[in-house]
Structures are given as structure tokens and as C-alpha cells.
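Data first, discussion second: the structure below is written as C-alpha cells.
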Amino acid sequence: MLEFKNVSKSFWTGSQHKVILDQVSFTVELGKSLGILAPNGTGKTTLINMMAGLEKPDDGEIIRSCNISFPLGFMGGVVGRVSAMENARYIARLYGLDPDYVEAYCRWVCGLGEYFDQPVGTYSSGMRSRFALALMLALDFDIYLIDEGMPATTDVEFNKKAGSIIEERLNSTTIVIVSHDPKTLEKFAQQAAVLSGGQLYMFDTLEEAKQLYDYETQG
């Protein structure tokens, strides 16, 4: 379970005080994937980073009683001067997993061929995204975090393979995805929320969330 208790988060952008969360409380239960609708600029990435523990709240408490992934596309734990193979094996050890398995799995999902043995710092943005997603899927998490703002790949074959794996994972894991597009959430969300004005409004269905979201974005 992932729980926010009276969490607040804000920061200054030049002369403007931007409020992301204002004493917000909500719970993500295992087995019930959550889609969060939020217009661009409202703090989608900040929210997902807080869930992962990459950013701390100003006030309140975030309770993580399960294994939560890093956000899809996050490359903070990857060392650019060494190969994807070396990164995969090192991160596998950090999580107490079999390095041979994680390396083999990433090689299969990435489809990078000989580039898998070359430094990650030499990769294109698409190649880095493929490795980051493969690495996330190779690790065993209870909740997977997806931020639509993360770098994407244009490789059709890879997208099809990764999409199939994610759909299969929905049967055994929980996904939290943030997006400004309701269609992005349709495949994943079993419940939905809207991030607006520093509050997170929870709904039982995506259709209910879309009504508020459309009102907020279209006036």
C-alpha cells in the first residue's frame, strides 16, 4: 500500500508560488491501478517523484508498505560511463536479484544488440528509454510508476513488446500512471483521480474523473 497523509508540496518559480499538493490524503491499494489526470504544468512529475521517494514533501507523511518502482524513464541510478550490461547486473545486486537473470531479461526486452555492451552515455534518448523501461520491468515491484512526461521510444517493435508485458503485469501488480490525456489511462486505470488546484480528487471510475477534468480544463 502507498499512503499520503496530509501531504503538502510547493515551490517557487521565479516570482510565483506554485502549489502542487495542499494537505492531501489518499491511498493506493495493491491490486487497484490508479490513473491520475492532470493538465500540463500542475505537477504530475513532482507527484510521481514523491511516490517514488525521489522528492520529499514539505509537510505530511508518505507511507510505503510495499516495493515501489522508480518512475518509468528515470535514469538517476544508471551510470553513463559503463554498459547497459554492467548497469543491469549492478542494479540487480542492489535489489538482491540474480544478475544473470536481470541482464538476460533486459537484453531480450531492449533489443539493442551489440549496443547493450557499450556505455549507456553513448546511447540516443530512445535507446536510453528502452533500457530504462526494460530495467524497470526486470525488477520485482508491487507498484509500478509511469509518468507520461518521461522520454519515449519510437521503436514500434519495442513498444509492442513492452506494452504486452505491461498489460500482462496488470494481472499481478499495480500501476500508477499520471497523464493529461484520458485515453492514456483507459488501458491501465481501475480507479482514477484528478490533480487540480493543489488537491487530488479520487473517483471510482475514469468516466467520473473525466467529467471534473473536462470542467477544469475546458471551463
Side-chain angles (χ1 to χ4, degrees), residues 1-74 136 141-150 152 163 166-167 169-219:
M1 184 174 70
L2 170 65
E3 186 175 5
F4 277 47
K5 287 187 174 182
N6 298 315
V7 172
S8 295
K9 181 70 174 180
S10 63
F11 53 86
W12 287 92
T13 57
S15 59
Q16 183 182 5
H17 184 225
K18 187 174 184 63
V19 177
I20 306 300
L21 297 177
D22 183 12
Q23 294 187 324
V24 169
S25 297
F26 67 93
T27 300
V28 179
E29 298 179 1
L30 295 183
K32 203 166 185 181
S33 294
L34 172 65
I36 300 175
L37 286 168
N40 289 326
T42 54
K44 295 190 300 295
T45 298
T46 300
L47 175 60
I48 213 84
N49 284 345
M50 291 172 69
M51 291 181 178
L54 298 175
E55 293 193 37
K56 295 182 179 180
D58 298 333
D59 293 295
E61 185 180 9
I62 301 176
I63 301 171
R64 303 173 187 84
S65 55
C66 60
N67 295 323
I68 300 174
S69 80
F70 47 85
L72 169 60
F74 176 70
M136 184 178 80
F141 295 110
D142 299 309
I143 296 178
Y144 286 84
L145 303 176
I146 301 176
D147 178 2
E148 68 164 5
M150 294 299 179
I166 291 173
E167 285 184 20
R169 290 283 172 89
L170 280 172
N171 296 322
S172 59
T173 192
T174 304
I175 290 176
V176 177
I177 178 169
V178 292
S179 176
H180 74 281
D181 183 2
K183 291 183 179 179
T184 303
L185 308 184
E186 289 176 353
K187 293 182 180 180
F188 306 105
Q190 294 167 310
Q191 61 178 342
V194 177
L195 178 64
S196 176
Q199 295 297 314
L200 189 74
Y201 301 96
M202 298 286 289
F203 296 91
D204 291 330
T205 67
L206 179 58
E207 285 304 315
E208 291 175 294
K210 283 169 62 177
Q211 292 180 24
L212 175 60
Y213 183 70
D214 289 342
Y215 175 80
E216 293 286 337
T217 56
Q218 299 173 16

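These numbers come from a predicted model, not from an experiment. This chain uses plain numbering: 1 for the first residue, then up along the sequence.
- Checked against side-chain hydrogen bond (donor to acceptor under 3.5 Å, both in side chains), E55 has the following partners two or more places apart in sequence or in another chain: N49.
- Remark: side-chain polar atoms of K18 are paired, donor with acceptor, to backbone N or O of G41 under 3.5 angstrom.
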Report all side-chain donor-acceptor pairs from residues 190-200 shorter than 3.5 Å, counting only partners two or more places apart or in another chain.
unit_1	atom_1	unit_2	atom_2	d
Q190	OE1	S33	N	2.8
S196	OG	E216	OE1	3.1
Q199	NE2	D22	O	2.7

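- Distance check: T173 OG1 to D142 CG gives 6.0 Å after rounding to the nearest 0.5 Å.
- Closest approach of M202 and L34 over heavy atoms only: CE-CD1, 4.0 Å.
- In this structure, OG on S8 lies 11.5 Å from CD1 on I20, to the nearest 0.5 angstrom.
- Residues satisfying the side-chain hydrogen bond (donor to acceptor under 3.5 Å, both in side chains) test with S25, not counting sequence neighbours, are N6.
- Taking the side chain as every heavy atom from C-beta outward, F11 and D58 never approach each other to under 4.5 Å.
- Taking every heavy atom of both residues into account, V28 and K32 meet most closely at CG1-O, 4.4 Å.
- Looking at residues two or more places apart in sequence or on another chain, you find a salt bridge (charged side-chain N to carboxylate O under 4.0 Å, His left out) between K210 and E207.
- Scanning for ring pair (Phe, Tyr, Trp, His ring centres under 6.0 Å) contacts around Y213 gives an empty result, with sequence neighbours left out.
- Q16 contributes no side-chain N or O that, together with a main-chain N or O of T13, makes up a donor-acceptor pair within less than 3.5 Å.
- Using a 4.5 Å heavy-atom cutoff, the side chains of P57 and K9 are not in contact.
- How far NE2 of H180 is from OG1 of T42: 10.5 Å, rounded to the nearest 0.5 Å.
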Walk me through it: do L206 and E186 pass the test side chain to side chain contact (heavy atoms under 4.5 Å, CB included)? CA-CA 8 Å; L206 179 58; E186 289 176 353; 3.7 Å; yes
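- Contact detail for V176 and I48: the closest heavy-atom pair is O-CD1, 4.0 Å.
- S179 places a side-chain N or O within donor-acceptor distance of the main-chain N or O of D181, the cut-off being under 3.5 Å.
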Under 3.5 Å, side-chain donor or acceptor atoms of residues 61-69 against the rest of the protein: list the pairs with distances, not counting sequence neighbours.
unit_1	atom_1	unit_2	atom_2	d
R64	NE	M51	O	2.9
R64	NH2	M50	O	2.7
S65	OG	M1	N	3.2
S65	OG	M1	O	3.0
S69	OG	L145	N	2.9

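- Between L30 and I143, some side-chain heavy-atom pair lies under the 4.5 Å cut-off.
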